[in-house]
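See below for the structure under consideration.
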Amino acid sequence: MSPNRKSKENRNGKKSVKRVALITGASAGIGLACARRLAKDGCSLVLVARRLEALKKLKSSLEKAYPGISVKVFKLNLADSADVKVWQKEHRVLLESVDILINNAGLAKGTDKIQDLQWSDAEAMIEVNMKGLLRFALPVIKTMAEKKSGHVVNLGSVAGRWVYPGGSVYCATKFAVRALGEAMRQDLLGRNVRVTNIEPGMVNTEFSTVRLGNKDLADKVYEKMTPLSGDDIAESISWCVNLPPHVNVQELVIYPTDQAHVGVGMVHRNI
Ligand code: 8X3
């Protein structure tokens with residue numbers, strides 16, 4: 001245990017060690033909400049994303065609100081394998097200090113059916129959601145296994161349990177996230193490392209704007225219904241990582257009340 005980690009009371013009234021959470025895609029949406037929530041829980045943070053300015057703002061607001069924690073921020077694109085390798089080499093000691101890894105960075109591009117699929121969209125999703133997650137997470141998982149402690153939280157999706165028309169490759173990447181998470185949990189048996197897959201339905205973040213390439217179209221996705229927020233998902237992640245160490249939530253499927261399932265016709269709208 002590193003000597004500068006201070007003891008504090010957790011929500012069960014037991015002494016716990018201040019933990020370090022590393023969050024990818026932390027500049028917006030679910031990643032940003034997780035940063036705020038885990039800072040509130042007393043975690044120090046390592047935040048990575050492509051938008052450094054947004055991360056710097058977040059760092060200063062969190063360090064002001066929670067003076068007991070430290071927040072380190074880094075510009076990194078998980079799709080850039082060479083950059084990720086260099087960054088991992090430069091920050092080996094920091095990576096060894098990570099207790100909670102939240103593999104949040106991911107995206108959807110397009111809603112074309114398979115016969116019309118844009119190859120560039122498919123590649124972008126595979127590159128970040130699968131290859132990016134793995135290339136970033138592997139060294140952290142290795143150190144967790146060695147020190148016999150840690151918690152890996154993967155951001156999957158309901159699209160990783162059920163497919164829908166126009167979602168082929170996005171669904172495939174999220175099925176892969178679920179498979180990888182489950183394999184991690186099995187491989188890490190005996191290493192005291194927890195692995196949790198979080199599988200949200202409709203969450204109102206930049207997700208649909210990125211997917212559809214247009215904010216007006218994205219707003220229509222959430223029209224006259226109440227979607228989940230990034231904070232809703234962050235709250236569930238906080239619950240998972242703050243449970244006693246012998247408890248591992250394998251996966252959580254979280255829909256908004258107004259969504260019954262993936263796909264068209266499964267959303268209740270107040271019209
Ligand atoms: C996003 C959920 O239903 O838009 O991961 O595919 S959905």
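Because the structure is a prediction, the values reported are computed rather than measured. Start at 1 and go down the list; that is how both ligands and their atoms are numbered. All values below come from the heavy atoms of this structure, side chains included, with hydrogens, waters and symmetry mates left out.
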Are [X] and [Y] packed together at the side-chain level, in the sense that at least one heavy-atom pair is separated by less than 4.5 angstrom?
| X | Y | result |
| --- | --- | --- |
| V20 | I100 | no |
| Y66 | V71 | no |
| L58 | S27 | no |

Distance-only donor-acceptor hits, side chain of residues 103-114, under 3.5 Å, sequence neighbours excluded:
from, atom 1, to, atom 2, distance (Å)
N103, ND2, N154, OD1, 2.8
N104, ND2, T24, O, 3.0
N104, ND2, G25, O, 3.0

Can you give the donor-acceptor pairs under 3.5 Å from side chains of residues 133-143 to other protein atoms, not counting sequence neighbours?
from, atom 1, to, atom 2, distance (Å)
R135, NH1, L78, O, 2.6
R135, NH1, E127, OE2, 3.2
R135, NH2, E127, OE2, 2.8
T143, OG1, V140, O, 2.9

Which N/O atoms of ligand 1 sit under 3.5 Å from a protein N/O, and at what distances?
from, atom 1, to, atom 2, distance (Å)
ligand 1, 5 (O), S157, OG, 2.6
ligand 1, 5 (O), Y170, OH, 2.6
ligand 1, 6 (O), Y164, OH, 2.6

* To do: Write out all pairs satisfying side-chain hydrogen bond (donor to acceptor under 3.5 Å, both in side chains) with one or both partners inside residues 192-216, taking only residues at least two apart or from two chains.
  =>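 As it turns out, the side-chain hydrogen bond (donor to acceptor under 3.5 Å, both in side chains) pairs with a partner in residues 192-216, which skip direct neighbours, are R51-E206, H151-R194, H151-T196, R161-E199, Y164-R211, N197-E199, S208-Y222, K215-D219.
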